[in-house]
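One-based numbering, in listed order, for ligands and for the atoms of each. If you read the sequence from its start, that first residue is 1, and numbering goes on from there.
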Amino acid sequence: MNKIILDTDPGIDDAMAIFTAMAHPKIDLLGLTTTFGNVSVEQATQNALTLVEMAGLDIPVAKGVETPWVKDLNPFPDFVHGADGFGNLNLAAPKTQPITASAAQFIVDQVNANPGEISLVAVGPLGNLAAALQIDPSISAKVKQVVLMGGVIAADGNVSPVAEANILSDPHAADRVMAAPWPVVIVGLDVTHQVVLNNALFAKIAKENAKVGQFMADASKFYIKFYSSIRDIDGCYAHDVSAVAYVVEPDIFGTIEGEVCVATEGVAIGQTIMSRFDIPYPLTFWSGRPKQKACMQVDSKRLIELFETSMTSDYWK
Ligand code: RIB
Ligand code: CA
């Protein structure tokens with residue numbers, strides 16, 4: 001069983017990841033921690049509570065950081081996820097409240113209570129993980145792994161030619177996460193740009209999942225419309241669910257490893273730069289950092305099957 005905390009900025013593809021984590025038999029979802037990113041942290045927290053209520057669960061939601069660590073807050077990408085984060089479905093407000101502990105404190109408390117067992121799965125900007133390290137640096141030795149949807153090593157960026165949204169939203173926090181002595185797996189655009197979910201899949205999910213399927217299909221229409229308008233695909237990318245998939249079926253992915261720095265200013269701001277060539281460079285920003293993993297290949301068919309199976313399983317009956 002994989003104990004996970006999902007750090008998220010829901011977000012339409014975040015919802016896919018959250019529902020998959022809820023339904024997958026090999027995942028024990030301990031809680032959701034929220035961050036700004038696709039929407040404000042207030043909206044992200046409301047959305048996380050809404051998803052938990054929609055699924056009929058009672059798991060903690062802890063509100064997290066509302067701004068980047070150092071840089072200014074970017075405008076929220078309402079053209080990707082809608083102003084409400086769910087494709088402008090404008091659902092009723094949730095009835096429940098977040099817990100009083102902050103996201104960072106929840107992460108620290110859970111990791112200290114379950115040493116060596118928790119995978120931190122981060123699918124938004126990384127401020128909560130950086131804040132957790134600030135509160136208690138010892139958690140880096142007690143976390144099983146950090147699996148993050150973010151960054152890009154060699155493929156095309158999505159916010160700039162070299163930068164991915166989650167990393168660019170808070171590059172200083174991301175660099176802190178990459179430099180910490182814990183095992184990080186980057187599930188970046190190198191693989192998520194290879195996995196496309198189409199309308200037919202969401203129509204099947206709507207038909208076979210009476211609890212959350214219609215919501216997922218309705219919200220995804222907005223997301224697919226955006227991606228189909230800017231990329232030559234008939235669907236949307238499975239960004240966040242790819243990180244959840246790595247936790248339960250890591251062999252879906254092929255990985256490389258190397259020390260990682262994140263550019264925090266200038267034209268390449270937000271770039272995740274992995275030292276992956278065995279060359280003794282004189283410029284030594286990377287030396288002294290741990291080698292981290294990055295996913296570079298993916299079995300797209302298996303990943304889509306994992307998502308489809310999770311979204312149409314008896315769990316939702
Ligand atoms: O670049 C894609 C990532 O940014 C995904 O996590 C999406 O939800 C947004 O947060
Ligand atoms: Ca996200």
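Without hydrogens or angle criteria, Asn209 side chain to Ile205 main chain gives no donor-acceptor distance under 3.5 Å. Formation of a donor-acceptor pair under 3.5 Å by the Asp299 side chain with backbone atoms of Arg302 is found in this model. No side-chain donor-acceptor contact under 3.5 Å links Glu308 to the backbone of Leu201.
For ligand 1, the polar-atom distance check against Val123 finds a nitrogen or oxygen pair separated by under 3.5 Å.
Shown in contact with Met149 at under 4.0 Å from a heavy atom are these atoms of ligand 1, numbered in order with element: 2 (C), 3 (C), 5 (C), 6 (O). Every atom of ligand 1 is numbered from 1 in the order shown, and the set under 4.0 Å from a heavy atom of Asp14 is 8 (O). Taking a cut-off of under 4.0 Å to the non-hydrogen atoms of Ala165, the atoms of ligand 1 that pass are 1 (O), 4 (O). Every atom of ligand 1 with a heavy atom of Asp9 under 4.0 Å away is listed here by number and element: 10 (O). Using a 4.0 Å cut-off to heavy atoms of Asn158, the atoms of ligand 1 that qualify are 1 (O), 2 (C).
What sits closest to atom 2 (C) of ligand 1 on the protein, heavy atoms only, is Glu164 OE2, 3.4 Å. Scanning all protein heavy atoms for the shortest distance to atom 10 (O) of ligand 1 gives Asn166 OD1, 2.8 Å. Among protein heavy atoms, the minimum distance from atom 9 (C) of ligand 1 is reached at Asn38 OD1, 3.2 Å. Looking only at protein heavy atoms, the nearest one to atom 8 (O) of ligand 1 is Asp13 OD1, 2.5 Å. Protein heavy atom at the shortest distance from atom 6 (O) of ligand 1 is Asp240 OD1, 2.5 Å.
Put simply, CD on Glu164 and CE on Met149 are 4.5 Å apart, with the number rounded to the nearest 0.5 Å.
At least one N, O or S atom of Val123, from either the backbone or the side chain, sits less than 3.0 Å from the Ca ion (ligand 2).
Its N, O or S atom nearest to the Ca ion (ligand 2) is what matters here, and for Asp9 that atom is OD1. Within Asp240, OD2 is the N, O or S atom that lies nearest to the Ca ion (ligand 2).
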Dump the intermediate steps for salt bridge (charged side-chain N to carboxylate O under 4.0 Å, His left out) on Glu257 and Lys291, then the final yes or no. CA-CA 6 Å; Glu257 60 175 31; Lys291 287 185 187 290; 5.8 Å; no
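At least one side-chain heavy atom of Trp182 sits less than 4.5 Å from a side-chain heavy atom of Leu133.
Ring centroid separation for the pair His81 and Tyr223 comes in under the 6.0 Å cut-off.
Aromatic ring pairs are classed by plane angle as parallel below 30°, tilted from 30° to 60° and perpendicular above 60°; the pair Tyr237 and His193 is tilted. Ring geometry for Trp316 against Phe19 counts as perpendicular: the plane angle is over 60°, on a 0 to 90° scale with 30° as the lower cut.
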